[in-house]
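For reference, the structure discussed in these notes is given below.
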Amino acid sequence: MTFIEKTTDHRKLRRWEGNIEADYIYTSGLAGERFFTELRKNGRILATHCPRCDLTYLPPRMYCERCLAELRDWKEVPATGRVEAFTVARLDEEGHEAPEPQVWAFIKFPGIHGGFVHIVAAPEEKVKRGLEVRPRLKPQPLRTGEITDIEAFEPAEH
Amino acid sequence: MKVGIIGIGIAGFRTTTPELSWKELTYEAAAKAYQDAGVDPRKDVKAFVTCAEDYWEGFGIFDEFTPDQIGGALRPVCTVCGDGIHGLATGFMQIQTGLVDVVAVEAHSKISDLLTYEGVVQHALDPIWNKPLRGHPFYVAGLEMNAFLRASGNTEKHCAAVVEKNRNNALRNGIAAYGANVDLNDILTSEKAFDPLKKLEISGLADGAVVLVLASDVAAKKLKRKPVWIKGVGWANDSPSLETREWERAKYAELAAQMAYRIAKVKNPAREIDFAEVDDRFSYKELQHLESLGLAKKGQAGKMTANGDTALDGKFPVNASGGSLGCGDVVEASGLHRVAEVALQLRGDAGKRQLDGVKVGIAQSWRGIPTTSGAVAIMGVNQ
């Protein structure tokens, strides 16, 4: 077993380039359909509630993570959330220094289990845990029923 | 049924391996493991477990390509979409059923072949709720570090101390790709990446392969090998959802450890375990994992590190191997490498990084951003 001879001339080493081509549709499902339709049409953010566990899920889902019950109660999420954790991303998608740093946060809402992980449109010095933020939506005609309909979160005092 | 490790083979780790295909790299590790175990894989090894993930490799249903280079062609092969310790647990269970008595477990990394690493990790985010927002996916690590440090009271300086320790430890490890004589200040003043995470706090990627040979006590005796015993295994997942997962604690590690401690009958981990190899892909993860495994009290892992308690000559050495920060991030092979390091220590084969008089060690893995899954294995010299 194993190699008796090995090469030491790296000019002789060959390689080929290729890729995996794969296209998908991502079906948003029952919960996603209702959430994104409401977001697009009326600019409202909805969550689903488990009466057994008393948890209101955001993003909404059709089953409870804890007790696995089917969830059929929909509730509106309060307009203002708070920054729970945040970071300043200074590298771009290729791992190089980004031209502009971007603040990301995990945003929680009162009474909601979950929240949003999203971009905060505010100077980094301004972002602290507890900062009150609101979603900034695209104008209704430009909304497409996707998570990007929320452009970013802004400090609520705006 | 007792199960032990009777063979260890490691190939790499290097930042690139242009002279070998991934199959040849794995073959090299396999050859070493089988020689170490004194087995003929075509006669003595009854089943094979391999760990693989399509997108790291670049071909679909990749796990189908794993049997031949480890001697598994025309044999029972089971592939695990998981980390190496998930694979170890699978092999452990196969032997415990009595169906087979010698199993080879394999995991590897040829990550240098992947030209769009960030894209693959990004692709692991939820395609409906997270991925469309773009961004380098390590913002998840920045968020977690932010939450963990605040909740635990550990500091950025403590995290930098982890990097200093592990990269220096790696200088004593022949297989390490990133051994370096860095000091605390080098880390603290390095480029910020995903605040508070700095560039030097992120493990560099590396190619490598690990193969272990597991055997039942009866088989080990027949093969005249003294095994390192697997005393317990555990694995767990938190919710994969970014929004409903636990950000402050590594719950997957807590639960995996609980399971392993139960099987190994460990009641007081900090006292009954002598050393640990835990995931440190990002500096803060070592501290978080130590606290999750109950090896450090809440908020104390940083202080332990700063005091030198987790150093090679400390009270409780952690990542004597150099960890991922020092050896390189070998993706799904990371956990199996940690197991190999624990086994080498328990056998007295850890060379310049050998710890004195260790009898029980723990290895823990995490599958990396954006996962919330991990596994634990506890090994000991005594049955």
Side-chain angles (χ1 to χ4, degrees), chain A residues 1-3 6-10 12-15 17-20 22 24 26-29 32 35-36 55 57-59 61 65-66 84-98 101-108 112-119 124 129 146-148 150 152, chain B residues 18-20 24 27-28 30-32 34-35 40-41 54-55 57-60 71 113 115-119 122 125-148 150-151 191-197 199 202 239 241-245 247-248:
Chain A
M1 285 186 271
T2 213
F3 312 112
K6 282 186 174 176
T7 184
T8 57
D9 184 352
H10 53 93
K12 297 214 167 90
L13 301 179
R14 297 204 54 191
R15 62 176 195 251
E17 288 189 25
N19 57 19
I20 295 181
Y24 298 87
Y26 296 109
T27 47
S28 48
F35 177 92
F36 289 114
L55 293 174
Y57 284 93
L58 180 67
R61 52 193 82 182
E65 224 173 46
R66 299 278 171 91
E84 172 67 15
F86 62 96
T87 184
V88 183
R90 301 181 189 278
L91 303 185
D92 67 17
E93 289 174 328
E94 274 89 51
H96 307 127
E97 192 178 334
Q102 201 171 48
V103 181
W104 287 79
F106 173 46
I107 296 145
K108 292 188 80 150
I112 299 290
H113 180 63
F116 282 114
V117 171
H118 217 296
I119 294 150
E124 54 178 283
R129 185 176 184 239
E146 294 167 88
I147 194 65
T148 41
I150 302 173
Chain B
E19 79 286 9
L20 294 174
E24 290 159 355
Y27 174 66
E28 198 175 286
K32 289 182 185 178
Y34 297 142
Q35 203 222 29
D40 174 350
D54 287 7
Y55 279 102
E57 313 288 342
F59 35 135
D113 278 0
L115 301 178
T116 54
Y117 171 82
E118 293 84 4
Q122 200 183 48
L125 292 169
D126 187 297
I128 296 169
W129 299 101
N130 306 122
K131 192 183 167 187
L133 299 175
R134 309 295 297 266
H136 189 307
F138 284 5
Y139 67 72
V140 177
L143 286 175
E144 190 184 38
M145 189 173 177
N146 174 267
F148 167 66
R150 179 199 36 84
E191 256 181 88
K192 293 192 205 180
F194 303 91
D195 296 9
L197 191 68
K199 255 189 159 180
I202 302 170
S239 172
S241 156
L242 290 185
E243 298 81 4
T244 55
R245 65 171 56 179
W247 283 98
E248 298 170 3

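We use all heavy atoms of the structure for the numbers below, so side chains are in, but hydrogens, waters and symmetry mates are not. Lettering follows sequence order; numbering is per chain, from 1.
- Taking CD of Glu243(B) as the start and NZ of Lys108(A) as the end, the distance is 11.5 Å to the nearest 0.5 Å.
- For Leu58(A), the part lying under 4.5 angstrom from a heavy atom of chain B is the backbone only.
- Both the backbone and the side chain of Leu91(A) come within contact range of chain B, with heavy atoms under 4.5 Å apart.
- Using a 4.0 Å cut-off between charged side-chain N and carboxylate O, Glu124(A) and Lys192(B) make no salt bridge.
- Residue Lys12(A): no heavy atom, backbone or side chain, is found under 4.5 Å from chain B.
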Discussion item. Show, in sequence, the C-alpha distance, side-chain angles and deciding distance for Tyr57(A) and Thr244(B), and conclude whether the side chain to side chain contact (heavy atoms under 4.5 Å, CB included) test is met.
Written reply: CA-CA 8 Å; Tyr57(A) 284 93; Thr244(B) 55; 4.1 Å; yes

Worksheet entry | Verdict with reasoning, Leu133(B) to Phe116(A), per side chain to side chain contact (heavy atoms under 4.5 Å, CB included) | CA-CA 11 Å; Leu133(B) 299 175; Phe116(A) 282 114; over 6 Å; no

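- Heavy-atom distances place the side chain of Lys199(B), and not its backbone, under 4.5 Å from chain A.
- When heavy atoms are compared at a cutoff of 4.5 Å, Glu144(B) does not approach chain A at all.
- Glu93(A) places a side-chain N or O within donor-acceptor distance of the main-chain N or O of Gly135(B), the cut-off being under 3.5 Å.
- In this pair, Tyr139(B) and Trp104(A) present their aromatic rings parallel. The plane angle is below 30°, not in the 30 to 60° band.
- Highest contact tally toward chain B, considering only Phe35(A), Tyr24(A), Phe3(A), is held by Phe3(A) [criterion: heavy-atom pairs under 4.5 Å].
- For chain A, the nearby part of Phe59(B) is the backbone; its heavy atoms alone come within less than 4.5 Å.
- Looking at Glu94(A), the atoms closer than 4.5 Å to chain B (heavy atoms on both sides) all sit in the backbone: N, CA, C or O.
- Here the CG-CD1 distance, from Asp54(B) to Ile20(A), works out to 6.5 Å after rounding to the nearest 0.5 Å.
- Salt bridge annotation for Arg150(B)-Glu84(A): present, with a cationic side-chain nitrogen under 4.0 angstrom from a carboxylate oxygen.
- In this structure, chain A has a heavy atom under 4.5 Å from the side chain of Leu20(B), while its backbone stays farther away.
- To the nearest 0.5 angstrom, Lys131(B) atom NZ is 13.5 Å from Thr148(A) atom OG1.
- Contacts of His118(A) with chain B are made by both backbone and side-chain atoms, with heavy-atom separations under 4.5 Å.
- For the set Gln122(B), Gln35(B), His136(B), Met145(B), the entry with the most heavy-atom pairs within less than 4.5 Å of chain A is His136(B).
- Heavy-atom pairs under 4.5 Å with chain A peak, among Gly71(B), Gly119(B), Pro127(B), Ala30(B), at Pro127(B).
- The salt bridge (Lys or Arg N to Asp or Glu O under 4.0 Å) test with Lys6(A) singles out one residue from Glu28(B), Glu24(B), Glu19(B), and that residue is Glu28(B).
- If you tally non-hydrogen atom pairs under 4.5 Å between each of Gly115(A), Ala98(A), Gly32(A) and chain B, the highest count goes to Gly115(A).
- Only the backbone of Thr27(A) comes within less than 4.5 Å of a heavy atom in chain B; its side chain stays farther off.
- Annotation for Arg61(A) and Ser241(B): closest pair NH2-OG, 3.5 Å, computed over non-hydrogen atoms.
- In terms of heavy-atom pairs under 4.5 angstrom with chain B, the leader among Arg129(A), Glu146(A), Arg14(A) is Arg129(A).
- Proximity to chain A (any heavy atom under 4.5 Å) is restricted, for Glu191(B), to the side chain, taken from C-beta onward.
- Aromatic pair Tyr26(A)/Trp129(B): ring centres not closer than 6.0 Å.
- Considering all non-hydrogen atoms of both residues, Phe86(A) and Leu143(B) come closest at CA-CD2, 3.4 Å.
- Ranking Pro41(B), Ala147(B), Pro18(B) against chain A, the residue ahead of the rest is Pro18(B), based on heavy-atom pairs under 4.5 Å.
- For Gly142(B) against Thr87(A), the heavy-atom pair with the smallest separation is CA-OG1, 3.4 Å.
- Contact tally against chain B (heavy-atom pairs below 4.5 Å) for Ala89(A), Ala22(A), Gly18(A): the top residue is Ala89(A).
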